Engineer: 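Here it is: the structure, laid out below.
Bear in mind that the values here come from a model prediction, so they are computed numbers and not experimental data. The sequence lines fix the lettering, A, B, ..., with proteins before strands; numbering per chain opens at 1.
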Amino acid sequence: AQKITQTQPGMFVQEKEAVTLDCTYDTSDPSYGLFWYKQPSSGEMIFLIYQGSYDQQNATEGRYSLNFQKARKSANLVISASQLGDSAMYFCAMRGNDYKLSFGAGTTVTVRA
Amino acid sequence: SAVISQKPSRDICQRGTSLTIQCQVDSQVTMMFWYRQQPGQSLTLIATANQGSEATYESGFVIDKFPISRPNLTFSTLTVSNMSPEDSSIYLCSATGLLSGANVLTFGAGSRLTVL
C-alpha cells in the first residue's frame, strides 16, 4: 500500500520569498512517480512537477523544484519567488505500477503582500 | 497533454435523486479515473473506468452507488445514485497523458455537487 504524508496543514510566505512544502511517502513498489498539484479556490487540479523514482536529477519546472531524497523517502516542493497567485492548496501524490495516484492531505499556502 | 471537459460544473440536488456526470477527453487515452474530494479534504479514488468493461472500484465504493460507464477511449460517465447530503463533494474525472515528457494524470475542472 502507498502512503503520502504532508504534515503542514498551512503555510504563510511573504511575496518574493521561497517556501518549501514537505512530503514524505512510503511504498513497496520499486518504480514509482511523485507529483505535485496545485488546487486554487476554483477547484481545478493543476499539475506542477513530476519526479520519477529512477531520475538522477531533481526535477525543476520554472519556479518549482522538487527536492527528491530517495533514501529518506521525501519529495519536498520548493516554490521560489512566491507570487500572490501562488496562494492555493498544494497536494503531493504518488503513482505506483498501477497508474493510480494516491494523494496527501494537502498544504494550504497563503502568500502575503 | 489531454484536455478534459467535465459537466455539469456544479449542481444542487435533492436527497434521493441521482445525477450523471460526463467526462470528455480530447484525445484517446488509456487510463481514466474518477476521484471524489469531500469538503476540506484530499482526493480519494473512486474507481478506474475501463473501456468496454465494468469499472474497477476502490475499497469503500460500490457499483450500485457509483455506476460508471466508459463506452470508448475518450468518454466516461459517473452517476451518483440515491444521493444524500454526505455525497456533497467535488467529483473529478482524470486521464493519463504525456506532459513534460512524463505520463501525468490530468484532471477535469470538477463537478461540485451539493445535496440538500
Side-chain angles (χ1 to χ4, degrees), chain A residues 1-10 21 23 25 31-55 57-62 64-66 68 75 88-108, chain B residues 1-11 21 23 29-51 55-61 88-114:
Chain A
Q2 300 169 352
K3 184 177 181 181
I4 301 288
T5 303
Q6 294 179 254
T7 58
Q8 305 154 310
L21 308 184
C23 174
Y25 61 91
S31 175
Y32 51 89
L34 296 157
F35 301 79
W36 279 91
Y37 286 84
K38 172 184 178 182
Q39 188 179 43
S41 57
S42 58
E44 62 192 300
M45 291 289 287
I46 302 168
F47 164 74
L48 296 178
I49 195 166
Y50 165 81
Q51 179 84 44
S53 59
Y54 292 114
D55 293 344
Q57 305 272 359
N58 284 344
T60 60
E61 288 284 351
Y64 304 107
S65 60
L66 201 153
F68 180 47
M89 177 76 87
Y90 289 82
F91 290 100
C92 180
M94 180 170 63
R95 182 186 67 206
N97 294 331
D98 56 7
Y99 282 92
K100 300 176 186 177
L101 275 188
S102 299
F103 286 84
T107 297
T108 300
Chain B
S1 65
V3 176
I4 301 175
S5 302
Q6 199 175 325
K7 59 181 181 181
S9 58
R10 60 177 63 233
D11 208 338
I21 302 167
C23 177
V29 292
T30 52
M31 308 290 286
M32 291 184 73
F33 305 92
W34 286 96
Y35 283 83
R36 180 177 74 180
Q37 186 177 25
Q38 295 176 301
Q41 303 294 314
S42 184
L43 280 72
T44 301
L45 180 63
I46 297 173
T48 304
N50 300 310
Q51 191 262 326
T56 306
Y57 290 85
E58 298 299 304
S59 176
F61 297 95
S88 297
S89 297
I90 300 174
Y91 293 86
L92 296 116
C93 173
S94 61
T96 55
L98 279 177
L99 187 63
S100 299
N103 210 347
V104 174
L105 198 64
T106 55
F107 288 82
S111 298
R112 190 183 297 263
L113 302 188
T114 302

Engineer: Between F47(A) and V104(B), what is the shortest heavy-atom contact and its length?
Structural biologist: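 Minimum heavy-atom contact is CD1-CG1, 3.4 Å.
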
Engineer: For G104(A), is there any backbone N or O sitting under 3.5 Å from a side-chain donor or acceptor partner on S42(B)?
Structural biologist: yes

Engineer: Check whether any side-chain heavy atom of Y37(A) lies under 4.5 Å from a side-chain heavy atom of L43(B), and answer yes or no.
Structural biologist: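 A side-chain contact under 4.5 Å is absent here.
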
Engineer: Within a strict 4.5 Å, meaning less than it, do heavy atoms of the R95(A) and L105(B) side chains meet?
Structural biologist: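 No. Closest side-chain heavy atoms not under 4.5 Å.
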
Engineer: Tell me, for T108(A) versus chain B, whether the close heavy atoms (under 4.5 Å) come from the side chain, the backbone, both or neither.
Structural biologist: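 Contact with chain B involves no heavy atom of T108(A) at all.
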
Engineer: Check whether L45(B) gets within reach of chain A through its side chain, its backbone, both or neither, counting any heavy atom under 4.5 Å.
Structural biologist: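 Contact with chain A: side chain only.
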
Engineer: Using 0.5 Å steps for rounding, measure from the OG1 atom of T106(B) to the CE atom of M45(A).
Structural biologist: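 Going from OG1 on T106(B) over to CE on M45(A), the span is 11.0 Å.
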
Engineer: For the candidates Q41(B), M31(B), Q37(B), which exhibits the highest count of non-hydrogen atom pairs separated by less than 4.5 Å from chain A?
Structural biologist: Q37(B)

Engineer: For T48(B), which atoms come within 4.5 Å of any heavy atom of chain A: side chain, backbone, both, or neither?
Structural biologist: side chain

Engineer: Provide the closest heavy-atom pair for K100(A) versus F33(B) in the form atom of the first, atom of the second, distance.
Structural biologist: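 Minimum heavy-atom separation between K100(A) and F33(B): CG-CE2, 3.9 Å.
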
Engineer: So which part of Q6(B) gets closer than 4.5 Å to some heavy atom of chain A, the side chain, the backbone, both or neither?
Structural biologist: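 Interface part for Q6(B): neither.
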
Engineer: Which region of Q6(A), side chain (C-beta onward) or backbone (N, CA, C, O), has a non-hydrogen atom less than 4.5 Å from a non-hydrogen atom of chain B, or is it both or neither?
Structural biologist: neither

